[in-house]
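Data block below; observations after.
A quick note: this is a predicted structure, and the numbers were derived from the prediction, not measured. Below, chains carry the letters A, B, ... as their sequence lines are ordered, and counting in each starts from 1.
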There are 2 protein chains.
Amino acid sequence: MSVIRGARERARAEVGAAIKEEAGRQLAAEGAAQLSLRAVARELGLAPSAVYRYFPNRDDLLTTLIVGAYDALGAAAETALADAGTADPLRSWMAVCRAIRGWALARPHEYALIYGSPVPGYDAPPDTVGPASRVPLALVGVVEAADAAGALTLFPGSGQQDEGVSADARRLFQDPGRTIPLTAAVRLVAVWAQLFGLISFEVFGRFDRIIDARDDVFDRAVLDLAHQAGLRPTGTGSAAESAAGR
Amino acid sequence: MSVIRGARERARAEVGAAIKEEAGRQLAAEGAAQLSLRAVARELGLAPSAVYRYFPNRDDLLTTLIVGAYDALGAAAETALADAGTADPLRSWMAVCRAIRGWALARPHEYALIYGSPVPGYDAPPDTVGPASRVPLALVGVVEAADAAGALTLFPGSGQQDEGVSADARRLFQDPGRTIPLTAAVRLVAVWAQLFGLISFEVFGRFDRIIDARDDVFDRAVLDLAHQAGLRPTGTGSAAESAAGR
DNA sequence: GTCTATAAACCGATAGAC
DNA sequence: GTCTATCGGTTTATAGAC
């Protein structure tokens with residue numbers, strides 16, 4: 001009995017995975033707004049109604065894909081962070097940013113799904129916020145490691161301007177276990193946005209016929225962003241750059 | 001005869017403008033991928049086929065909207081640049097960036113149309129590149145004015161890293177009439193991407209429940225971007241900020 | 001230049017047989 | 001859990017009358 005149920009559940013998981021995979025393919029070809037349960041079923045040789053045994057509706061399938069993309073990108077960032085160690089914060093920073101960019105360039109359509117324009121008529125359910133915060137939390141981890149090593153510039157003079165900062169930022173970044181200073185957290189949010197601006201322009205083709213030396217331009221900009229986030233250069237000028245692993 | 005033709009052309013232009021306007025409304029409601037000629041016709045009390053007298057197909061209507069959005073945003077940036085004058089490059093920089101952000105926040109759907117993820121299955125025709133470059137050229141204008149005033153940091157030490165820069169950047173930014181140094185041009189491209197990352201996050205709601213003091217965060221980040229672009233601060237620390245018009 | 005009518009597709013979702 | 005059949009809606013685009 002439990003053997004049968006085991007086999008049944010395995011079969012169910014396999015079909016579910018096949019649907020998810022085919023949906024991912026169609027996502028790449030047509031975009032999220034045009035994702036169609038019918039087309040997925042057609043391609044898999046299923047009746048359209050069969051798909052509803054696995055996903056109650058279209059938005060639910062979309063949510064699964066979105067969560068999968070967030071998790072894959074988050075895992076890439078976390079792995080890069082773990083591999084880089086905590087010895088050199090600037091090196092960790094570069095590693096995480098490069099891992100994010102690498103993932104985005106390798107899977108442009110999944111990237112567009114989570115960091116492109118919002119899908120019209122789709123409201124992200126609360127299940128997505130956990131996976132979505134893995135990347136920003138990896139960046140927070142780098143800043144916290146730098147802070148612990150005394151390598152974080154606190155910009156005490158600019159504390160005044162950051163005064164008007166929201167209670168929400170406080171709630172998000174000062175929960176138990178987080179050690180990042182509030183002013184650094186707010187700076188980091190802006191840096192986060194700028195990092196993804198850089199990546200989005202490249203992924204969406206806005207650098208085509210404009211920039212060829214994209215690795216160099218990215219590294220240079222990300223180094224500036226590290227400074228903007230408060231990470232102190234480990235040396236002077238180009239020494240910092242070589243320390244970052246060029 | 002020419003009077004009749006004049007009236008006819010006027011009527012034609014009016015209907016064409018009405019179609020464009022209604023299409024813009026639907027764009028705001030449903031997104032670019034869902035833009036439907038039929039729905040436009042329905043709302044205007046026209047037969048679907050009548051719209052084809054004005055736009056040969058759906059993509060052509062979309063192109064018209066895209067060009068319109070690029071031109072409107074470009075005009076906003078150019079106006080801000082002209083109003084700010086050339087006396088204080090940092091002030092001009094802030095003015096142009098704020099104008100871009102203001103336009104984007106006021107017309108989020110038109111912004112998404114031109115700076116969101118690419119519409120699947122739609123290839124931007126060459127007509128769009130002229131209007132699309134008005135905003136980057138306004139930013140170039142600020143940097144060139146700073147250069148003329150001797151307020152541009154040339155980063156001579158980092159000329160080495162920018163060596164691998166594309167011939168395309170050279171062609172784009174060193175054509176007749178442009179005076180921006182090539183290294184500054186390449187830096188500016190990265191800054192341009194980061195600026196729009198900042199704006200996109202805000203427009204697409206990624207700052208919701210995270211940042212409330214968005215004006216302050218934006219100004220702070222854009223000031224850092226100015227520095228990254230080579231604009232020298234006009235004074236020290238917070239003096240630069242007040243000079244920028246806070 | 002606008003209309004009606006129509007072709008030839010597409011979609012999400014459900015009911016009920018097996 | 002998969003199927004057929006179906007409801008009720010959508011779309012782009014064209015043909016031909018007026």
Side-chain angles (χ1 to χ4, degrees), chain A residues 1-23 25-27 29-66 119-123 125, chain B residues 1-23 25-27 29-66 119-123 125:
Chain A
M1 173 94 101
S2 75
V3 172
I4 290 176
R5 202 176 58 201
R8 197 176 282 173
E9 280 173 4
R10 203 158 45 244
R12 182 183 166 82
E14 267 169 33
V15 177
I19 291 174
K20 202 178 145 187
E21 192 185 332
E22 174 58 32
R25 259 193 298 278
Q26 298 205 4
L27 197 77
E30 305 289 341
Q34 269 73 27
L35 177 63
S36 141
L37 284 186
R38 275 188 110 95
V40 169
R42 194 165 42 230
E43 209 65 26
L44 255 47
L46 290 175
S49 59
V51 180
Y52 286 86
R53 295 280 159 183
Y54 295 89
F55 297 93
N57 54 49
R58 202 201 79 122
D59 278 10
D60 218 75
L61 175 54
L62 203 54
T63 298
T64 302
L65 293 171
I66 288 173
V119 181
Y122 171 82
D123 273 316
Chain B
M1 172 99 97
S2 74
V3 173
I4 291 175
R5 202 177 59 200
R8 195 175 283 173
E9 281 174 4
R10 201 158 45 244
R12 182 182 167 82
E14 267 169 33
V15 177
I19 290 174
K20 200 178 145 187
E21 192 185 332
E22 174 58 31
R25 258 193 298 277
Q26 300 205 1
L27 197 76
E30 305 289 340
Q34 270 74 25
L35 176 64
S36 140
L37 285 186
R38 250 191 132 88
V40 170
R42 194 166 41 232
E43 209 65 27
L44 255 48
L46 290 174
S49 59
V51 180
Y52 285 87
R53 295 281 160 183
Y54 295 89
F55 296 95
N57 54 50
R58 203 199 78 124
D59 277 11
D60 217 76
L61 175 54
L62 203 54
T63 298
T64 302
L65 293 172
I66 288 173
V119 180
Y122 171 83
D123 274 316

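- Across B:Ala32 and B:Leu27, no two heavy atoms sit closer than the pair CA-CD1, 3.5 Å.
- Distance CG (B:Leu46) to C1' (C:dT4): 14 Å, rounded to an integer number of Å.
- Scanning both residues, A:Thr63 and A:Pro125, for their nearest heavy atoms gives CG2-CG, 3.5 Å.
- For A:Arg12, a side-chain nitrogen or oxygen approaches OP1 or OP2 of D:dG1 to under 4.0 Å.
- Between B:Gln26 atom CD and D:dT10 atom P the separation is 12 Å, expressed in whole Å.
- Side chains of B:Arg38 and B:Pro48 form a contact here, defined as non-hydrogen atoms less than 4.5 Å apart.
- Taking side-chain N and O atoms only, B:Tyr54 has a distance below 4.0 Å to OP1 or OP2 of C:dT2.
- Rounded to an integer number of Å, the gap from CG of B:Asp60 to P of D:dT12 is 14 Å.
- Sequence neighbours left out, the pairs with a member in residues 13-22 of chain B that pass salt bridge (charged side-chain N to carboxylate O under 4.0 Å, His left out) are B:Glu21-B:Arg25, B:Glu22-B:Arg25.
- Nucleic acid contact class of B:Ala50 (heavy atoms, under 4.0 Å, all strands): sugar-phosphate only.
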At under 4.0 Å between heavy atoms, which parts of nucleotides 5-18 of chain C does protein reach? Answer with one letter per nucleotide, 5' to 3': B base, S sugar-phosphate only, - none.
-B----BBBBB---
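- Residues B:Leu35 and B:Leu65 form a side-chain contact, since some pair of their non-hydrogen atoms from C-beta on lies under 4.5 Å apart.
- Side-chain contact check for B:Tyr52 versus B:Leu37: some heavy-atom pair is nearer than 4.5 Å.
- If you take CG of B:Leu62 and C1' of D:dT11, they are 15 Å apart, rounded to a whole angstrom.
- Across all strands shown, A:Phe55 has no heavy atoms under 4.0 Å from either base or sugar-phosphate atoms.
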